[in-house]
Amino acid sequence: MRGSPSKMLFRLFPFLKWARPTKQQTQADAIAGITVGLVLIPQALAYAQLAGMPPVTGLYAALLPGIVGALFGSSSLLSVGPVALTSLLTFAALQPLAEAGSPQWVAMAIWLALYSGLMQFLMGAFRMGILANLVSNAVVQGFVNAAAVIIIASQLPSLLGFGTGAEESWLSTIRHEWQQGSFRLMVTAGFGLGGVAALFLLGKFSARLPAVMVVTLIGIAGSYLLGFGDLGGSVIGPIGSGLPGLSLPLTLSVDQHLALLLPAVIIALISFTEAMSSCRTMSRVTGVPWDRNQELIGQGLAKMASGFSGAFPVSGSFSRTALNAYSGAKTARATLIASLIVLISLFGFTQVLYHLPTAILAAIIIVPVTRLIDVRSLTRLCRENPKDGAVALVTLIVTLLTVPNLYWGILAGMAASLLAFLYHHAMPRIIELGVHETGGFRDRNLYQLPPIAEGILGLRMDASLTYLTAPMLERSIRKKVDADPNVRAVLISASSLNQVDSTGLDTLQDIWSFLDARGITLYLSGPKLPLREALSRTGLAQLIKEENIFATDAKAIEALK
């Protein structure tokens, strides 16, 4: 087939389709890339802290994954790298398995990135992006709100300068540390709370300014001038430099690998749902379409690149993507420039970050995460769609109650979604029909209509005829026929029966047998092709009789009135 090799080549290497940039585009991309890059460096360090990883791995997670995500993804403005939600999921997955920051922890984080990336890559390669819909919007909304609360709570000790002990409450810990070093505690809280206030104010009054980098530089300068580290304050300390070594740790046992598979599935699904949100938003802003399966490939390869770099799972960042667009980015080259800024920082500039207070990193984590808490949307969801609202609340509550095993919240939400789906489809709307003044069938009870004709019971089920719904239709017919001895014919309007399975066909035959035994005629109107073919194939058409099967509802009304 002509053109197939080139199509395959473009699918394997989508960046080959990039158009040559204009001078204006290059300038815009350079400005946006530098802006995002300056924000990305301190954010990468902060999200490494959130994931329980060494600081330098945050820079590694911001380097190659950003390049790979830009080259192989489909959304030109999506910024791929460390994000709060995926970092939290990484920490939650590894907390029961190893000690944070230990070599074993790092090794397991690397494999977690590889496994979750491989799952996403395979989903995209086999065009199974629809699987991402297994996690409904209600589940995501409930989980994201719970995760935001957990993230903020986890960063409060670093923000305010006190440690957390398993045997002591926060209040007793604060009291003890205040007695040991009140000045250090006040200075730490000053950095942390000051950082939060500055980030909020700068973000509100100057969205184009890289507020994160500004606050970082002020924090470094203040820490250096005060000798904060010498006072016992928590600073980020020495950070490695140079390129990451591309290798894999081979020290994990089979059981440890198996323990990573479920968290990897959760990370693959949740992180892609997060990335999809950014892709949809950018597509609406730019008018450029995106491809879900190609984006899965890009996201998967980015995670695998992070693993091979010795880092942790990454994802598309909504905040950096928005900053990228707001800063004027025109193409994916802006993301490549942002990665170049990270690369430059790895060669000779990491020592500048030595005096950065970890309280500032906590502020950098907390401020964007506060935007994830959306009580108004949850309230609206509960009011407008109670079933989805219940799913979101189940997810939120279970997530909070099962910390640090956050995947239980997502699994509970998925189970609640499935139960709601089954309940909805197992309890279909079945209405009794009358002829409306417009000439068509309508709900008798809603419009106060008489029967179709004397002794004729008309029914319509607004669902497919399957093992879930067919028993409900049979039960409704039996109940109505038993209640009215004058019924001489039953008409089933089949125009809404889009699908039929073997149970549905068997039930239809049972309905015919029940009615025939009482001398009642069964009519069908408006059956679609799948049902017509099934009736002919099984011989039901002969039982019901072809003259009792009307092509349309109008034909049935004309014959039965």
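Nothing fancy with the numbering, it's 1 onward along the sequence.
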Does either side chain, that of Gln43 or that of Ser317, offer a donor lying less than 3.5 Å from an acceptor on the other one? no
Please report the interatomic distance CG(Leu497) to NZ(Lys528), rounded to the nearest 0.5 Å. 8.5 Å
Exceeds 12 heavy-atom contacts within 6.0 angstrom, atom CD of Glu454: no
Flag, side chain of Asp443 to backbone of Ile431, donor-acceptor distance under 3.5 Å: no
CA sep, side-chain torsions, deciding dist, call: Met108, Leu260, side-chain contact (heavy atoms from CB on, under 4.5 Å): CA-CA 8 Å; Met108 297 183 85; Leu260 295 175; 4.0 Å; yes
Checking Asn324 side chain against Arg320 main chain: does a donor-acceptor pair fall under 3.5 Å? no
Are side-chain heavy atoms of Ile267 and Lys303 found at a separation under 4.5 Å? yes
Look at the side chain of Ser536 and the backbone N and O of Arg532, then say whether any donor-acceptor pair between them is shorter than 3.5 Å. yes
Does some side-chain heavy atom of Ser75 sit less than 4.5 Å from a side-chain heavy atom of Glu295? yes
Counting C-beta onward and ignoring hydrogens, is there a side-chain heavy-atom pair between Glu432 and Leu459 closer than 4.5 Å? yes
Given side chains that start at C-beta, do those of Arg280 and Trp290 come closer than 4.5 Å, heavy atoms only? yes
Spacing of CG belonging to Leu88 relative to OH belonging to Tyr47, to within rounding of 0.5 Å: 11.5 Å
Would you confirm whether Ser476, through its side chain, and Leu473, through its main-chain N or O, come within 3.5 Å as a donor-acceptor pair? no
Value for OG1 (Thr399) from CG (Asn145), rounded to nearest 0.5 Å, stands at 10.0 Å
If we only count heavy atoms from C-beta on, is the Thr521 to Arg488 side-chain gap below 4.5 Å? no
Could you pull out the closest heavy-atom pair between Ala109 and Pro313, with the gap in Å? O-CD, 3.9 Å
Which atoms form the tightest heavy-atom contact between Met461 and Ser464, and what is the distance? CE-O, 3.6 Å
Do Leu449 and Val435 have side chains that approach each other closer than 4.5 Å (heavy atoms only, starting at C-beta)? no
Donor-acceptor pair, distance only, cut-off 3.5 Å: does the side chain of Ser76 make one with the backbone of Ala332? no
Rounded distance (nearest 0.5 Å) linking atom CG of Leu491 with atom CG of Leu457: 8.5 Å
Are Asp388 and Arg380 ion-paired here, with the side-chain N under 4.0 Å from a carboxylate O? no
Side-chain (Asn405) to main-chain (Trp408) donor-acceptor, under 3.5 angstrom: no
Carboxylate-amine/guanidinium proximity below 4.0 Å for Arg460 and Asp462: yes
Parallel, tilted or perpendicular, judged at 30° and 60°: which one describes the rings of Trp111 and Tyr115? tilted
If we ignore hydrogens and angles and just use 3.5 Å, is the side chain of Ser283 paired with the main-chain N or O of Cys279 as donor and acceptor? no
Take Leu372 and Leu85 through the side-chain contact (heavy atoms from CB on, under 4.5 Å) test and state the conclusion after the steps. CA-CA 10 Å; Leu372 299 179; Leu85 197 56; 5.5 Å; no
Test side-chain contact (heavy atoms from CB on, under 4.5 Å) on Ile557 and Phe441; report intermediate values, then the result. CA-CA 8 Å; Ile557 294 171; Phe441 285 141; 3.4 Å; yes
Is any side-chain heavy atom of Glu474 closer than 4.5 Å to one of Phe514? no
Kindly determine whether Val135 and Ile270 satisfy side-chain contact (heavy atoms from CB on, under 4.5 Å), including the steps that lead there. CA-CA 7 Å; Val135 184; Ile270 292 295; 3.9 Å; yes
Which atom of Ala483 lies closest to which atom of Pro485, heavy atoms considered: O-CD, 3.8 Å
Which atom pair, heavy atoms only, marks the closest approach of Gln299 to Ser315? OE1-CA, 3.6 Å
Reference residue Thr370; test side-chain contact (heavy atoms from CB on, under 4.5 Å); the match among Leu199, Val196, Ile151, Ile152: Ile152
Taking all non-hydrogen atoms of both residues, which atom of Gly69 and which atom of Val80 are closest, and how far apart? CA-CG2, 4.2 Å
Could you walk me through whether Thr538 and Gln509 satisfy the side-chain hydrogen bond (donor to acceptor under 3.5 Å, both in side chains) test, starting with their C-alpha distance in whole Å, then the side-chain angles of each, then the deciding distance to 0.1 Å, before giving a yes or no? CA-CA 10 Å; Thr538 59; Gln509 183 168 342; over 6 Å; no
Counting only heavy atoms not in Tyr423, do more than 12 sit closer than 6.0 Å to its OH atom? no
Looking at Gly440, is its backbone amide N or carbonyl O close enough to the side chain of Asp553 to form a donor-acceptor pair, meaning the two atoms are under 3.5 Å apart? no
If only atom types and distance count, is the side chain of Thr469 paired as donor or acceptor with the main-chain N or O of Thr466 below 3.5 Å? yes
Where is the tightest heavy-atom contact between Trp18 and Leu71, given as atom of each residue plus distance? CH2-CD2, 3.8 Å
Rounding to 0.5 Å, atoms CD (Gln95) and CG (Leu406) come to a distance of 9.0 Å
Is Tyr407 close to Leu262 at the side-chain level, that is, under 4.5 Å between some pair of heavy atoms? yes
Keeping the roles fixed (side chain from Ser525, backbone from Phe550), state whether a donor-acceptor pair exists under 3.5 Å. no
Separation of Leu381 CG from Asn137 CG (nearest 0.5 Å): 9.0 Å
